[in-house]
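Here the structure comes first, spelled out in C-alpha cells, and everything after it is commentary.
When reading the values below, keep in mind they use all heavy atoms of this one structure, side chains included, and skip hydrogens, waters and symmetry mates.
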Amino acid sequence: MTEALSSLDQSSALVDPDERRGGTGTARFVLSKIGGALASLALVVVLGFFLFRTLPGDPVRFMVRDRPTDPKMMAELRAQMGVDKPLLQQFWDYVVGLLQGDMGVSYLQRRPVFDMIGERLWPTILLVGSATVLAVALGLWLGIRAGWRRGSGFDKAQTGLALTLWSVPQFWLGLMLLVATDGLFPSRGMHSPDVAPGFFSEGLDVLHHLVLPCVTLLVVFYAQYMLVMRSSLIGEMNSDYLTTARAKGLRDDLVRKRHAVPNALLPTVTLVFMQFGMVVSGAVSVEAVFSWPGLGQLLYEALRGPDLPVLQGVFVTLAGAVVLMNLLAELLYRVLDPRVRTA
C-alpha cells in the first residue's frame with residue numbers, strides 16, 4: 001500500500017501545474033465572459049426602457065388618431081396600457097414580465113409582442129443569414145487572392161473597390177439598386193399576391209424578392225471581410241514557417257492553402273461573429289427600403305406610434321443577439337488560438 005501511494009505521489013508530481021490549472025482557468029474564463037454578457041443584457045434592458053420613453057408623441061392620442069375622445073376613455077386607455085403609473089413602477093413591471101417571457105402587448109395591434117417578434121424573426125434571419133454567408137465566402141475568396149498578389153493590378157482594383165463599397169450607406173445603395181434594376185426584381189415585400197400555391201413556386205418567389213435586399217447587404221459587408229482577410233494574409237506572408245515550407249520544396253499554392261490561409265483566417269472568423277451587430281443594423285434600414293417583413297420593418301412601423309412595447313421588445317431582441325454573437329466570438333477565439341488559452 002505504501003509503495004502504491006508513493007508511486008501515485010510521484011506520478012502526480014510529474015503533472016505540469018499549468019495543466020492542473022487548465023480546467024479551472026477555462027471555467028473561470030467562460031464564467032467571466034458569460035457574466036459580462038449578462039451584465040450587458042441588463043444594461044440593454046435598462047437603456048431600452050428609458051431611451052424609448054424620451055420619444056415624442058403620445059401613444060394614446062395616436063391610437064385615437066386625434067379624434068374627439070372623452071377624457072375618461074383616454075384615462076381608461078392609459079390605465080389599460082399602464083402608462084399612468086410612475087416610471088419606476090412601469091420599469092419594474094416590465095422587468096418582471098421580461099423575466100417571465102412576457103414582452104407586453106402592442107399598443108396598436110393589441111397582440112403579444114413576443115408573438116409579433118416571432119413572426120418577423122425568420123424573415124430577418126433569412127436576409128441576414130444569406131447576406132452574411134455570401135459576404136464571407138466572397139470576401140475571403142477575394143481577400144486571399146488580393147493579399148497573395150500584393151501590389152498587383154488585381155489587388156489594387158479589389159482594394160479600391162472594397163474601400164469604396166465599405167463607405168456606402170446601405171439604404172442609399174438599396175435605392176440605387178431599385179433605380180438600376182428598374183422593375184427587374186420585386187421592390188416590396190417577401191411574397192407576390194398572385195404566386196401559384198406550392199412549395200417550389202413559393203420558394204422561388206421568396207428568392208426573387210430576396211435578391212435586392214440581400215445584394216445590398218452583401219455588397220457592403222463583403223468589402224469588410226475582404227480587407228481584413230487581405231491584411232491578415234499579408235501579415236503572415238513573411239513568417240518563418242512559410243519560409244521553412246518553401247525551403248522544403250512545397251509549391252506556392254500549397255504553401256498558401258496549407259499554411260498561410262489557415263493562420264490568416266483566425267481574425268476574419270472571429271470578425272464574422274463580432275460584426276453581427278453591424279449586419280443587423282444594416283438590415284434594419286434595408287428592410288425599411290424594401291418593405292421586407294422582418295424585425296427592421298417592425299421597428300420602423302413601431303416608431304410611428306410610438307408603440308413602446310414593440311420598440312422595447314425588438315431592441316432587446318436585436319441587442320441580445322449582438323451580445324450573444326460577441327460572446328461566441330470571444331469563446332471561439334480562445335478555442336482557435338492556443339496563445340489565448342495559455343495566457
Quick check on the hydrophobic clustering: are Val133 and Leu142 connected, directly or via other members, by side-chain heavy-atom contacts under 4.5 Å? no
To the nearest 0.5 Å, atom CE of Met103 lies from atom CD1 of Ile117 at 4.5 Å
What's the separation between atom CD in Gln297 and atom OG in Ser285, rounded to the nearest 0.5 Å? 11.5 Å
Which pair of heavy atoms, one from Val128 and one from Thr132, lies closest together, and at what distance? O-OG1, 2.7 Å
Do Leu126 and Trp292 have side chains that get closer than 4.5 Å, going by heavy atoms? yes
Cluster overlap Tyr94 with Leu99, hydrophobic side-chain contacts below 4.5 Å: yes
Quick check: is Val220 connected to Leu210 through a chain of hydrophobic side chains (ILVMFWY, heavy atoms under 4.5 Å apart)? yes
Heavy atoms from other residues, nucleotides or ligands near CZ of Arg111 exceed 12 (cutoff 6.0 Å): yes
Any salt bridge (charged side-chain N to carboxylate O under 4.0 Å, His left out) involving residues 90-101? Give me the pairs, sequence neighbours left out, ordered by first then second residue. Lys85-Asp93
Any donor-acceptor N/O pair, Asp155 side chain to Gly151 backbone, under 3.5 Å: yes
So OG of Ser231 and CZ of Arg150: to nearest 0.5 Å the spacing works out to 9.0 Å
Determine, step by step, whether Tyr222 and Leu165 satisfy the side-chain contact (heavy atoms from CB on, under 4.5 Å) criterion, reporting the C-alpha distance in whole Å, the side-chain angles of both residues, the deciding distance to 0.1 Å, and the verdict. CA-CA 9 Å; Tyr222 103 87; Leu165 294 176; 3.6 Å; yes
Yes or no on side-chain contact (heavy atoms from CB on, under 4.5 Å) for Thr159 and Met226, after CA distance, side-chain angles and deciding distance? CA-CA 8 Å; Thr159 303; Met226 180 266 174; 4.3 Å; yes
Please go through Leu47's hydrophobic cluster and name the other residues, only I, L, V, M, F, W, Y counting, with side-chain heavy atoms under 4.5 Å joining them. Leu43
Minimum heavy-atom distance Leu173-Thr216, with the two atoms named: CD2-O, 3.7 Å
Looking at Gly313 and Val113, what are the two nearest heavy atoms and their distance? CA-CG1, 4.2 Å
For the residue pair Thr124 / Glu287, report whether a side-chain donor-acceptor contact shorter than 3.5 Å exists. yes
Does atom CZ of Phe91 have more than 12 heavy-atom neighbours from other groups under 6.0 Å away? yes
Strictly distance-based, threshold 3.5 Å: is any side-chain N or O of Thr181 a donor or acceptor partner for the main-chain N or O of Leu184? no
I'd like to know if the side chain of Trp166 reaches the main chain of Phe221, judged simply by a donor and an acceptor atom lying under 3.5 Å from each other, with no hydrogens or angles considered. no
For the hydrophobic clusters of this structure (ILVMFWY residues joined by side-chain heavy atoms under 4.5 Å, transitively), does one cluster hold both Val286 and Trp122? yes
Side-chain heavy atoms nearer than 4.5 Å, only ILVMFWY residues, links allowed to pass through others: does that put Leu121 and Met190 together? yes
Show, in sequence, the C-alpha distance, side-chain angles and deciding distance for Phe290 and Leu178, and conclude whether the side-chain contact (heavy atoms from CB on, under 4.5 Å) test is met. CA-CA 9 Å; Phe290 293 99; Leu178 283 175; 3.5 Å; yes
So does Leu127 get a backbone contact from the side chain of Ser130, meaning a donor-acceptor N/O pair under 3.5 Å? no
Would you say Leu41 and Leu324 make side-chain contact, with heavy atoms under 4.5 Å? no
Validation row: Val323, Leu327 side chains within 4.5 angstrom (heavy atoms): no
Determine the minimum heavy-atom distance between Gly294 and Pro123, stating which atoms define it. CA-CB, 4.1 Å
Leu227 vs Leu163 side-chain heavy atoms within contact, under 4.5 Å: yes
Given 3.5 Å as the limit, does a donor-acceptor pair link the side chain of Ser32 with the main chain of Arg28, or not? yes
Find the distance between CZ (Phe114) and CG (Leu98) and round it off to the nearest 0.5 Å. 10.5 Å
State the CG-CZ distance between Leu233 and Arg149, to the nearest 0.5 angstrom. 12.0 Å
What's the separation between atom CD in Gln158 and atom CZ in Phe154, rounded to the nearest 0.5 Å? 4.5 Å
Val289 and Gly174 have their tightest heavy-atom pair at CG1-C, 4.4 Å
Might you work through the side-chain contact (heavy atoms from CB on, under 4.5 Å) test for Leu38 and Ile34, ending with a clear yes or no? CA-CA 6 Å; Leu38 292 177; Ile34 293 176; 4.2 Å; yes
Taking every heavy atom of Leu134 against every heavy atom of Cys214, the minimum-distance pair comes out as CD1-SG, 4.0 Å
